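Keep in mind that this is a model prediction, so the values were computed, not measured. Below, all heavy atoms of this structure are taken into account, side chains as well, without hydrogens, waters or symmetry copies.
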Amino acid sequence: LVAMGLRPVSGAANDIFSRKNLMLFSTGLTAACLVGYSIAPTPPIIVAIRILHGVAFSVQGVSNMAFATSFIPKSRLGEGLGYLALSNMISQMLGPSIGIFLSDTLGTQYMFWAAAIITLCSMFIVLRVPYKYEKSEISGKA
């Protein structure tokens, strides 16, 4: 619910702020939430972390696509966004199985740590992507 409710705000934020910085923020917050799940001592704290994770998911979901449009050549935008969508679908298909395997093999705590490490690796990849922030003027007209 948090992620759905914040999508419009996330969209506006991507028009106002640096998309790369929003990606870095949301990815870092996601990694922090994953670590938080592994060390949370009580259910109310897990719920609080889940709300923060919803905020990160909302920003990341919008920023992911918006950031990609910043460096995919305009002549190949459809192809680039198609590959991005395909990679998201593949990760959503494989991720749960890998998570269950890690949880069964190593335990839930280590599964969350592994997910946090993978998330931090993706954050470092985003850092390497060249990006020039151009502040856009919002007129308020549709």
Between S63 and S26, does any side-chain donor sit less than 3.5 Å from a side-chain acceptor?
no

Closest non-hydrogen atoms of Y37 and I49, given as atom of the first, atom of the second and distance, are CE2-CG2, 3.4 Å

Check ring pair (Phe, Tyr, Trp, His ring centres under 6.0 Å) between F71 and all other residues, then give those that pass, not counting sequence neighbours.
F67

Return a table of donor-acceptor pairs under 3.5 angstrom between the side chains of residues 105-116 and protein atoms on other chains or two or more places apart.
{"residue": "T105", "atom": "OG1", "partner": "F101", "partner atom": "O", "Å": "2.7"}
{"residue": "T108", "atom": "OG1", "partner": "S103", "partner atom": "OG", "Å": "3.3"}
{"residue": "W113", "atom": "NE1", "partner": "S38", "partner atom": "OG", "Å": "3.0"}

Can you tell me if K74 uses its side chain to pair, donor with acceptor, with the backbone of T69 under 3.5 Å?
yes

Work out which heavy atom in C33 is nearest to a heavy atom in H53; give both atom names and the distance.
SG-N, 3.5 Å

In terms of heavy-atom contacts, K20 and V126 come closest through CE-O, 3.1 Å

Should T30 and T27 count as side-chain neighbours, where that means a heavy-atom distance under 4.5 Å?
no

Using only atom types and a distance under 3.5 Å, with no angle test, would you say the side chain of S122 pairs donor to acceptor with the backbone of T119?
yes

Within the 4.5 Å heavy-atom criterion, are Q60 and F25 side-chain neighbours or not?
no

Taking all heavy atoms of L127 and all of L24, pick out the closest pair and write down the distance.
CD2-CD1, 3.6 Å

Would you list the pairs meeting side-chain hydrogen bond (donor to acceptor under 3.5 Å, both in side chains) in which at least one residue belongs to residues 79-89, sequence neighbours left out?
R76-E79

Between N21 and F17, is there a donor-acceptor pair closer than 3.5 Å when you use the side chain of the first and the backbone of the second?
no

Nearest non-hydrogen partners of L81 and A68, listed with the distance:
CD2-CB, 4.2 Å

For L1, does the CG atom have more than 12 heavy-atom neighbours from other residues, nucleotides or ligands under 6.0 Å away?
no

Under 4.5 Å between side-chain heavy atoms, hopping through other hydrophobics if needed: is there a path connecting L34 to I45?
yes

Quick check: do V59 and M23 have side-chain heavy atoms less than 4.5 Å from each other?
no

